[in-house]
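In what follows, every heavy atom counts, from backbone to side chain, and hydrogens, waters and symmetry copies are set aside.
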Amino acid sequence: MEKSLTRYIWANTYAQQIWILLVVFLSMIPYFLAFDLPKQIVNGPIQGEGFEHPTATQPFLELSFDMPLIGPVDLFGGFSLDRFQTLMGLSLVFLSLVVLNGLFKFYINTYKGRLGERMLRRIRFELFDRALRFPPLHFKRVKSPEIATMIKDEVEPLGGFIGDAFVQPALLGGQAITALVFILVQNIWLGLIATSMVGVQAAIIPRMRKRLLELGRERQLTARELSGRVAEVIDGIFTIRANDTSNLERADIAARLARIFSIRYDLYQWKFLVKFINNILAQLTPFLFYVVGGTLALQGTLDIGQLVAVIAAYKDLPGPIKELIDWDQARQDVQIKYQQVVEQFDVEPLVLPAVQALVSTHSPRLSEALVVSNLVLCDDSGARRLDRISLEIQPNETVAIIDHNGNAGEALAEAIGRIILPESGRITIAGKELHEIPEAVTGRQLSYVSSDTHFFQGTLRDNLLYGLKHAPLRDIEYTEAAARQNKWERKEAQLAGNPYLDLNSDWVDYQSAGATGPEDLYKVIGAVLDTVTITQDILDLALRSRVDTVTHKPLADRIVELRAEMRRRLRDEDLDAVVVPFEPQIYNGHATVVENLLFGSMKQPLMSPEQLSAHPYFRRVMIDTGAAGMLFEMGLSIAETAVELFSDLPEDHPFFQQLTFMTAADLPVYESLVQKLQGKTLEEASPADRSSIIRMSFSYIEPRHRFGLLTEDRMALLVRARETFHANIPKDLASVVERYDIEAFTASASLMDNILFGRIALEQDDTSKRIRAISHEIFDSLGLRNDVLSIGLDFEVGSQGRRLTVAQRQKLNMARVLLKRSDYFIFNKPLSALDRRSQDRIITNVMQMSQDDETSPSIIWVLSNPDAAQFFDRVLVFEGAASLDSGNFAELSEKNSIFKELLS
């Protein structure tokens with residue numbers, strides 16, 4: 001990268017810089033005229049120069065000048081105005097110049113601001129682009145949060161400076177020189193005073209600010225290290241808790257914060273010292289003007305108009321000088337920042353841009369053998385993981401790799417997967433070096449999977465299809481307004497040096513997945529998910545998820561059919577008593593109190609139980625029906641019982657998992673609340689306390705909590721309150737409360753709740769698992785499997801996929817790769833979180849899937865279980881870095897070899 005920020009800016013923006021400098025030059029003309037005009041107003045119409053007689057007039061806006069060799073030239077004789085008219089005319093001209101100067105400033109500032117933001121966008125993209133091309137080993141040396149901080153925060157000041165890099169010194173310098181020239185023209189002595197003071201400021205202040213730059217650099221480095229350390233602590237939070245080192249980390253962060261505090265405090269001291277001296281020097285000049293200028297005015301060598309004009313001109317001089325000094329400090333500051341960032345991103349050898357070039361066409365197949373020649377691989381310490389190994393893997397061949405002593409097999413898989421670079425030797429396909437083949441080929445036709453998984457924030461679908469999104473393949477139709485916006489974004493991207501790739505277009509390479517389009521994609525996805533045995537998990541996620549009735553309208557429209565089929569299946573298997581259905585006139589004992597009160601569910605987060613209990617209409621209905629007093633008594637009894645039973649238990653006790661109405665942290669709050677409300681009635685409690693206690697009863701389920709609080713009379717009262725509640729429900733509540741309807745889909749409830757339209761009887765054991773199995777069978781029989789699978793794929797996986805189990809992440813990781821149908825698959829112990837039986841099942845499925853494909857891929861699999869090698873054409877057994885034994889399963893298991901020992 002370019003080491004000099006100034007050269008970098010000029011190289012990318014010289015055309016725009018030349019234009020704005022020309023505008024700055026033109027702006028100096030009205031700026032100078034605005035200085036001279038106050039003198040004309042004071043000396044002319046105000047003091048009466050040229051208006052000695054009451055009827056005297058003067059030409060206004062006269063345009064005439066003397067040309068060499070030609071003589072006087074009169075272009076316009078102007079208007080003859082009297083003294084008052086001249087005063088008004090000159091004042092209006094002064095106002096016009098003020099407006100014109102303001103417009104120049106507005107245009108210049110807007111233009112340079114846009115120019116700076118474009119360049120900031122260019123720098124950030126270039127840094128991100130270089131990060132994508134870092135050599136593999138470099139990612140082990142840097143912390144990702146530090147890279148992110150540099151791209152996001154550390155280059156931020158550059159955007160503000162880039163627009164000012166050439167414009168600001170030209171504008172401020174031009175304004176300062178214009179003011180000084182005007183002062184010199186009025187009086188040489190006052191001009192020399194102003195010039196001398198400006199020279200002193202320019203000489204002293206920049207030298208004092210060198211210390212500020214050094215402190216700023218230290219602040220930036222320490223802040224970057226703090227960011228990386230905090231991110232490291234967050235990533236390792238469970239290791240910290242497991243080892244009781246949280247206080248060690250607190251001490252480390254406190255020490256870093258102390259260092260930053262010391263730097264920043266020193267920085268503040270120097271900053272305000274510089275300001276103090278600068279202000280003293282700036283105010284000293286007006287003092288000299290009053291003394292020297294006043295003396296000259298008394299002596300008659302300087303008229304009042306000139307003195308006023310000089311003082312007015314100098315009033316505008318300290319601003320540009322100060323800003324010019326600030327600009328110089330900013331220039332040095334951002335140059336240091338820029339150099340620091342460049343040093344971090346100036347890494348060799350970078351992946352060549354051609355290797356990652358955009359390719360929209362289908363990539364050619366890798367139909368040649370993969371050849372490994374004298375390959376040497378080393379770890380970060382220089383120790384050899386693989387020592388001069390040569391082998392050849394043919395197309396369509398399946399190869400198992402077994403590590404006996406060391407991790408040579410894993411190292412070989414990483415090298416073929418382009419995770420590490422060879423120390424020496426070569427890995428080639430069709431004579432081409434593997435690391436030089438474009439990613440448009442290797443990223444699609446050569447797939448690597450290990451036990452380490454990484455998923456991006458988003459849905460299961462986003463992460464599953466991630467390996468198919470190589471280029472925008474299908475444009476979407478835009479509205480007229482969206483098309484204009486798209487055109488503007490394309491132009492801005494070009495001006496900022498960014499490639500324009502429409503993120504809204506369809507990026508999915510359906511052909512690579514074996515599909516013709518979105519219509520039959522789920523058929524392919526379903527087969528892959530079955531292969532890695534994660535289908536049932538995703539269907540279960542769908543059952544627990546809420547359904548977007550717009551996206552999944554066909555399924556929502558068939559909910560009545562699904563409910564009827566579920567009821568029929570439950571009757572056929574004598575399980576109809578397991579589910580207690582919702583009925584409008586009956587209290588459902590296995591549903592919560594609030595569900596029974598509403599006979600429906602709330603659209604959260606539009607409304608929560610807390611907001612419901614505080615709603616005026618709800619409170620009025622509860623009071624009018626008598627339910628409020630009953631709920632208050634129930635809530636108080638629940639709180640008393642919970643405090644009595646659980647107050648002495650630790651917070652992680654399993655009993656708390658059964659409490660749906662409070663957490664362990666809530667116990668002290670309700671303990672004090674119980675004491676406060678002891679013996680009080682509903683009317684005697686405050687509104688806040690009343691709502692808190694009533695909310696306690698909302699989540700109560702008699703068969704689960706067994707406090708004996710819901711009698712037949714109380715349940716009947718709640719049913720009557722339900723009818724009253726819905727009789728005159730206001731619009732604001734009706735929009736957030738969905739009433740249960742046997743003929744309609746409830747969008748705020750889960751898919752399982754919609755299918756059952758009731759609650760599972762809690763006293764029945766192991767019923768949920770059986771009902772889920774029946775649900776899956778119903779989906780298949782009604783042809784809704786893909787629709788439900790689509791709902792499951794809407795599940796948000798969380799940061800790095802942490803909402804999934806380790807086993808689910810590893811299965812999903814394999815599914816993402818298998819979906820690409822590559823020519824070479826490298827599996828580096830990808831299922832370490834699974835037991836051997838599950839691993840063998842998936843290996844068998846993958847082998848079967850590859851044989852069923854039209855063009856069988858080559859499979860290289862580093863195995864944890866040697867017995868699974870029987871599924872492969874060839875077995876490679878590594879003992880240490882240099883020893884390699886090769887053969888098929890039968891040969892190696894019969895002869896006296898290390899592999900035979902591993903099997904035993």
Taking the side chain as C-beta and beyond, is there a heavy-atom pair between Leu818 and Phe827 under 4.5 Å? yes
Which pair of non-hydrogen atoms, one from Gly431 and one from Arg426, has the smallest distance, and what is that distance? O-NH2, 3.6 Å
Is the closest side-chain heavy-atom distance between Ile402 and Asp885 below 4.5 Å? no
So, does Glu392 use its side chain to make a donor-acceptor pair with the main chain of Leu370 at under 3.5 Å? no
Do Glu397 and Ile393 have side chains that approach each other closer than 4.5 Å (heavy atoms only, starting at C-beta)? yes
Sub-4.5 Å side-chain heavy-atom contact between Val875 and Asn888: no
Main-chain N/O of Gly517 paired with Asp520 side-chain donor or acceptor, under 3.5 Å: yes
Looking at Ile151, is its backbone amide N or carbonyl O close enough to the side chain of Arg124 to form a donor-acceptor pair, meaning the two atoms are under 3.5 Å apart? yes
Do any N or O atoms from the side chain of Asp823 and from the backbone of Arg365 form a donor-acceptor pair under 3.5 angstrom? no
Would you say Arg816's side chain and Tyr466's backbone share a donor-acceptor pair under 3.5 angstrom? no
Could you check whether any side-chain N or O of Thr516 sits under 3.5 Å from a backbone N or O of Tyr510, counting only pairs where one atom can act as donor and the other as acceptor? no
Identify whether the distance between the nearest side-chain nitrogen and carboxylate oxygen of Arg118 and Glu492 falls below 4.0 Å. yes
Would you call Asp794 and Arg461 a salt bridge, taking side-chain N to carboxylate O under 4.0 Å as the test? yes
Spell out, as yes or no, whether a donor-acceptor pair under 3.5 Å connects the side chain of Asn813 to the backbone of His454. no
Whether Asp379 and Arg384 form a salt bridge (side-chain N of Lys/Arg under 4.0 Å from carboxylate O of Asp/Glu) is what I want to check. no
Counting only heavy atoms not in Arg388 (residues, nucleotides, ligands), do more than 12 fall under 6.0 Å from its CZ? no
Flag for Thr398-Arg874: side-chain donor and acceptor within less than 3.5 Å: no
Any salt bridge linking Lys820 with Asp509? Criterion: basic side-chain nitrogen under 4.0 Å from a carboxylate oxygen. no
Salt bridge (charged side-chain N to carboxylate O under 4.0 Å, His left out) assessment of Arg490 paired with Asp502: CA-CA 9 Å; Arg490 189 184 298 271; Asp502 190 355; 5.7 Å; no
List for me each residue that meets side-chain contact (heavy atoms from CB on, under 4.5 Å) alongside Gln356, sequence neighbours excluded, and say none if there are none. Leu132, Arg133, Val351, Glu439
Close side-chain approach of Leu412 to Phe878, heavy-atom, < 4.5 Å: yes
Return yes if some donor-acceptor pair links the side-chain N/O of Asn845 with the main-chain N/O of Thr531 below 3.5 Å, else return no. yes
Expected output: side-chain Asn407 to main-chain Glu410 donor-acceptor under 3.5 Å: no
Any salt bridge between Arg837 and Asp840, counting N to O under 4.0 Å? no
Are any side-chain N or O atoms of Thr13 and backbone N or O atoms of Ile9, one a donor and one an acceptor, separated by less than 3.5 Å? yes
Would you indicate whether the side-chain heavy atoms of Val347 and Pro135 approach each other to under 4.5 Å? yes
Below 30° counts as parallel, above 60° as perpendicular, anything between as tilted: where do the rings of Phe872 and Trp861 land? perpendicular
Using a strict cut-off of less than 4.0 Å between a Lys/Arg side-chain nitrogen and an Asp/Glu carboxylate oxygen, indicate whether Arg385 and Glu414 qualify as a salt bridge. yes
Considering only heavy atoms from C-beta outward, does the side chain of Tyr500 approach that of Asn486 to under 4.5 Å? yes
Sequence-distant partners of Thr222, side-chain contact (heavy atoms from CB on, under 4.5 Å), two or more places apart: Arg259, Ile260, Ile263
